[in-house]
Colleague: 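Just passing along the structure, written as structure tokens.
Per chain, numbering begins at 1; letters A, B, ... match sequence-line order. Below, each value reflects all heavy atoms present in this structure, side chains not excepted, and no hydrogens, waters or symmetry copies.
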Amino acid sequence: MTLLELRGVGRRFGGVVAVDAMDMTVDEGEILGLMGANGAGKTTLFALIAGNLRPSAGEIHFRGWRIDGLRPDRVSRLGVARAFQIVRPFAGLSVLENVAVGSLFGTGRERSIRRAEERAMAVLEEVGLAARAADPAGTLTLAGRKRLEIARALATRPRLLLLDEVMAGLTPVEVSEALDMIQALRQRHGLTIIVIEHVMRALMRLCERLVVLHHGVKIAEGPPGEIAADPRVIEAYLGRARE
Amino acid sequence: MIGRHFRFAGLLGVAVAAFALVPRLGGDYAIGVALNLLMWIALTQSWVVLSAMTGYVSLGHAVFFGAGAYVMVLCFGSLPFWLSVIVAGAATGALALAVGYPCLRVRGPYFVILTFGLAELVKFVVINIEAGLGQFGRLLFGGPGLAQIFYVVLVLAALSVAVTWFVRRSRFGRGLRAIRENEEAAETLGIDVARFKVLAFALSAIVPGMVGAAMVLRTTYFEPLDLFNPITSFTIVSIAIIGGGDDVPGPIYGAFFLVLMQELLWANWPEVYMILLGGLLVAFVLGVPDGIHGRVAAWRRSRR
Amino acid sequence: MIDLFSGQLLIAALVLAAIYGLVALGLNLIYGTMRLLNVAHGEILMLGGYLAYWTFTLTGVGPVWSMFLALALAGAFGAAVYRTLCRRVLRSSRLIEQIEANSLLLLFGVSIILQNAVALSFTATARAYPYLDDIVRIGTFQVTADRLVVLGIGLALSLAAILFFRLSATGLQIRALIQQPDAALLVGVDVERMRLIAFSLGFAIAGVAGCLISMLEQVSPFMGFPFTIAAFVVIILGGLGNLAGGLAGALVLAAIEVYGVALTTASMRSILIYGVFIAVLVWRPQGLFGGRSLVR
């Protein structure tokens, strides 16, 4: 069943076209990988889906609702959560308070602070940050902040989770742990996930299907094996990466 | 959780009872000092709900104090004292709702100077209206006595303390503090930031309006330049910075500190008082950004 | 009925624009290079005004000469404020997160200190001195000589500033710092030194502007703040950090103020300034002439 559908979505900044006439569907329960060089339009696409940016063309449908042009908080209520590429922790609040904000708002909209914090604690257990619950979020390492970003998004109880380079800058061991964690989260919460990642190995292991962007245009789509062999992709992306 | 609220209510009740004894035990001087203290506590607690919690620093809260006073002046003689105070609070809350949406789209330092400009604009508009009406300062005879004003401001101070306490511990307050830390992340997590900010603005405007309405009768004279004085806004910010934090204790520490300084210096050396206040602001911003409250909390933790 | 095309009004608007342009230039320079909002800017102008007043009253030397003293003293004072206070904000990782709000509160404290220190020293009485107040006739209209002097000096200084930023190595480095702070660092701009120069220069220009204003208006300890606000209006009109836009903004504000008051009454002056200020902040925070959005 289709959860998210993009029809001819475009966005320009002045004269620059960041995303052009993008068609894409995401099925319920799927993990979809978004690939592309820097500036290919991946993060812009997330911002368009999550409502942080307004598309200049096209329509976005989520669970049958038209969500393009809706404010981010509205989109979040409908069940989309976004983990930012550049982490945005609430640095002055504790780790637990950070995640509790997710439970209090988002899709779940827990009314009681006590129950929100209980749920936040459960999420922190899942991402392995429970021991740091009382510390200010500003004191976490980069790997910790990436996990916090995921935990906060997860606490909103989303149907669709947008993960933007949550593994960038991590050590190979940390990447491996993160992959296991994302798999486990999908299983347990029945999530649909779109992943942006530069770590190719990670995308290959994690995703059933990949979409490749180049200068804002979709140039290929398919299972990881096929994509890795696609000459257009190799030219646009992998070719340069292998140099 | 519930126990904490009871303990707070108990403490607040004891404090109110203690202050309520002041008019019975002390003379006009003691009442004046206590009234001054309560006024600054009420104004700064209200400011905290907006500025300390959301990070939208208002340098124009005098506008609500002055507007409330002006409402009292307009109602004077036609409505009972207590009713005028409530009308003033409703009016300043409505004013904040009306201007809040466009103003709160402006972020950071632009918001700070915007609030200052807004307060000055309203001041000059009121001066012009009064001039147009042929009024140059109004005398307000036959108002309530000092003790009656004192009790009203005592209730308002207790109200403002309770509002800060409950907002700080509510879902709404969590949303406000998330907005302060990162507005875009807060919005993406499902917080209706525009509505939250405007509600906080309105909430922070009501008590100052009522305090202004009560305090204008203390001097029995309405002069827009005094009631919309930017020094009022500046003092509120100074108390909050010196007191520190986004919770109930900060404004109380700050107000005690400031009123003590006022009593020692204001009457004879007003310029020295202002110079010290400016110096304290500089020193606290650079050296003690978490204020007295932050220092006290750190000291307590270290003793445990 | 007022003649809107009279030379008096035109001269008044140009004189005011010259003053606003100078005050705003300094404010813009400091904001552009460091993101510091100098709300004490009007107080530097006030100090310049007092310097000119006392120099004239005690020694008979006119503001056209004491201006140079003001330039040096205000510049030195700027360097001192930068070294002792502002650099600490720029160097603290905690304070720099909210640099604009923190610098605003900090410099607000400085402004309160200066106002009251002057009030304490010289009382709050407004003071004025007679200087070049004979009337000059140009064609059909008459104007006092002091206004022409202010206009001339103001224009000369603005021109000098424009040439400085276009042609001198220091000026180019400062502009690079305003437009591309990271890139400026990479190509070897001495950021620390440029910041010090920009801060000091901003104060120096404000000091000179104060001398000029003292020829036209009374000086008093609390005269500065309206100029700070006017300067904010000007640079918001012209775009924060946009030095040339600021000069255009000065002309716009001065015209609105002079012609607005001419069409209504003098008591509308403050309402006009604050009204324009709020309208611009709310509707065009990136300025009338700037395209770059500065509200993030």
Colleague: Tell me, please, whether B:W165 has B:R168 positioned over its six-membered ring: NZ or CZ under 6.0 Å from the ring centre and within 45 degrees of its axis?
Modeller: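 Judged by the rule, B:R168 and B:W165 form no cation-pi pair.
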
Colleague: Under a 4.0 Å N-O cut-off, is there an ion pair linking B:D246 with B:R180?
Modeller: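 Judged by the 4.0 Å cut-off on N to carboxylate O distance, B:D246 and B:R180 do form a salt bridge.
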
Colleague: Using a strict cut-off of less than 4.0 Å between a Lys/Arg side-chain nitrogen and an Asp/Glu carboxylate oxygen, indicate whether A:R7 and A:D23 qualify as a salt bridge.
Modeller: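 A salt bridge is absent here (no side-chain N lies under 4.0 Å from a carboxylate O).
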
Colleague: Heavy-atom cut-off 4.5 Å, strictly under: side chain, backbone, both or neither for A:A137 against chain B?
Modeller: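 When you check distances to chain B, no heavy atom of A:A137 falls under 4.5 Å.
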
Colleague: Name the member of A:L104, A:V101, A:V75 that forms the most heavy-atom pairs with chain B at distances under 4.5 Å.
Modeller: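 When all of A:L104, A:V101, A:V75 are compared, A:L104 has the most.
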
Colleague: Given B:D247, which partner from the list B:Q45, B:H293, B:R169 fulfils the side chain to side chain donor-acceptor pair (under 3.5 Å) test?
Modeller: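 Result for side chain to side chain donor-acceptor pair (under 3.5 Å) with B:D247: B:R169.
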
Colleague: Would you mind checking which part of A:R74 comes under 4.5 Å of any heavy atom in chain B, side chain (CB onward), backbone (N, CA, C, O), both or neither?
Modeller: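 Looking at A:R74, just its side chain touches chain B.
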
Colleague: Looking at B:F111, is B:R107 sitting on its ring face, NZ or CZ under 6.0 Å from the six-membered ring centre and within 45 degrees of the normal?
Modeller: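 Judged by the rule, B:R107 and B:F111 form no cation-pi pair.
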
Colleague: Which residues in residues 138-154 of chain A have a heavy atom less than 4.5 Å from any heavy atom of chain B?
Modeller: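 Within residues 138-154 of chain A, near chain B: A:R152, A:A153.
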
Colleague: Between chain B and each of A:D73, A:T107, A:L93, count heavy-atom pairs under 4.5 Å; write down the option with the most.
Modeller: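 Ranked by contacts with chain B, first place is A:D73.
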
Colleague: May I ask you to decide whether B:E181 forms a salt bridge with A:R88, counting only side-chain N to carboxylate O separations under 4.0 Å?
Modeller: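 Salt bridge: no.
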
Colleague: Do B:R295 and B:D290 meet the salt-bridge criterion of a basic N to acidic O distance under 4.0 Å?
Modeller: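 Answer for the salt bridge query: yes.
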
Colleague: Are the charged groups of A:R71 and B:D192 less than 4.0 angstrom apart, N to O?
Modeller: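 Salt bridge between A:R71 and B:D192, a charged N being under 4.0 Å from a carboxylate O: yes.
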
